[in-house]
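Right, I'll just put the structure down here and ask away after.
We use all heavy atoms of the structure for the numbers below, so side chains are in, but hydrogens, waters and symmetry mates are not.
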Amino acid sequence: MKIENPKTEIPETQELNDRDYLNSILECLKNMSNNFSVALNECSNETMYKEVFKMFENTKDLAREAYNLMFENGWYSLEQAEEQKIMSKQNDCTLKIKQLIDELPPLE
């Protein structure tokens, strides 16, 4: 079952349209938040960590707003997952985590 809004029609031309711009903005925000996440892991200074974390949160908020706007305009749709698929994915993730933990060297 698809969950979607009616599509806001836009002209299909070679020129960029609102959907193209918003899609580009969302992609940029996703990349920025990934980079901020790496920076947060490597911050050794508490003050810098807090500042970068604020930027990370703001970027995530903006990405969510961009996604919501695309969803409202019907440019993104969701599909309701079946319970069996959810359980299968959960089992796969649990197995992968267990394998990763088993591969860790023992603590000394």
* Asked: Within the distance-only criterion (no hydrogens, no angle test), does the side chain of Ser24 pair as donor or acceptor with the backbone N or O of Asp20 below 3.5 angstrom?
  ->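 Side chain of Ser24 to backbone of Asp20: no pair is present.
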
* To do: Output the distance between atom NZ (Lys60) and atom NZ (Lys30), rounded to the nearest 0.5 Å.
  =>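 Taking NZ in Lys60 and NZ in Lys30, the distance rounds to 9.0 Å.
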
* Asked: Is the shortest distance from a Lys or Arg side-chain nitrogen in Asp92 or Lys96 to a carboxylate oxygen in the other one below 4.0 Å?
  ->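 No salt bridge links Asp92 with Lys96.
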
* To do: Give, for atom NZ of Lys2 and atom CD of Gln80, the distance between the pair rounded to the nearest 0.5 Å.
  =>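 One finds 13.5 Å between NZ of Lys2 and CD of Gln80.
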
* Pair Glu12 + Arg19, salt bridge at N-O below 4.0 Å ->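 Yes, Glu12 and Arg19 are salt-bridged.
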
* Does Glu15 CD have over 12 foreign heavy atoms under 6.0 Å away? ->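 Not buried by this count: 12 neighbours or fewer within 6.0 Å.
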
* **From Glu9 atom CD to Asn17 atom CG, the distance as rounded to the nearest 0.5 Å** =>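 One gets 11.0 Å once the value is rounded to the nearest 0.5 Å.
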
* To do: Kindly give the cluster partners of Ile101, where membership spreads through any ILVMFWY side chain lying under 4.5 Å from a current member.
  =>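 Other cluster members: Ile97.
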
* Asked: What are the two closest heavy atoms between Ala81 and Ile86, and how far apart are they?
  ->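 That closest heavy-atom pairing would be CB-CG1, 3.8 Å.
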
* Shortest non-hydrogen contact from Phe36 to Val52? ->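 Shortest heavy-atom separation between Phe36 and Val52 comes out as CD2-CG1, 3.9 Å.
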
* **Non-hydrogen atoms of Thr47 and Asn45 that approach each other most closely** =>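 Result for this residue pair: N-OD1, 2.9 Å.
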
* To do: Measure the spacing between SG of Cys28 and CD1 of Ile25 and express it to the nearest 0.5 Å.
  =>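 Separation between the atoms: 8.5 Å.
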
* From Met87 CE over to Thr94 OG1, what is the distance, rounded to the nearest 0.5 angstrom? ->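 The OG1 atom of Thr94 is 8.5 Å from CE of Met87, to the nearest 0.5 Å.
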
* Assess whether atom CD of Glu27 is packed by more than 12 heavy atoms of other residues, nucleotides or ligands within 6.0 Å. =>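 Not more than 12 within 6.0 Å, no.
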
* Asked: CE of Met48 to CD of Glu42: how many Å apart, nearest 0.5 Å?
  ->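 So the CE of Met48 and the CD of Glu42 are separated by 11.5 Å.
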
* To do: Identify the two heavy atoms, one from Ala66 and one from Leu29, that lie closest to each other, and give their separation to 0.1 Å.
  =>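 Taking Ala66 first and Leu29 second, the nearest heavy atoms are CB-CD1, 4.5 Å.
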
* To do: Looking only at non-hydrogen atoms, find the nearest pair between Gly74 and Lys7 and report the distance.
  =>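 That would be O-CG, 3.0 Å.
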
* With clusters built from Ile, Leu, Val, Met, Phe, Trp and Tyr whose side-chain heavy atoms come within less than 4.5 Å, directly or transitively, what are the remaining members of the cluster of Trp75, listed by chain and number? ->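 Its cluster mates, by chain and number, are Ile3, Ile10, Leu22, Leu26, Tyr67, Leu69, Met70, Phe71, Tyr76, Leu78.
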
* Asked: Does a salt bridge link Lys54 with Glu51, judged by any charged N lying under 4.0 Å from a carboxylate O?
  ->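 A salt bridge is present here (some side-chain N lies under 4.0 Å from a carboxylate O).
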
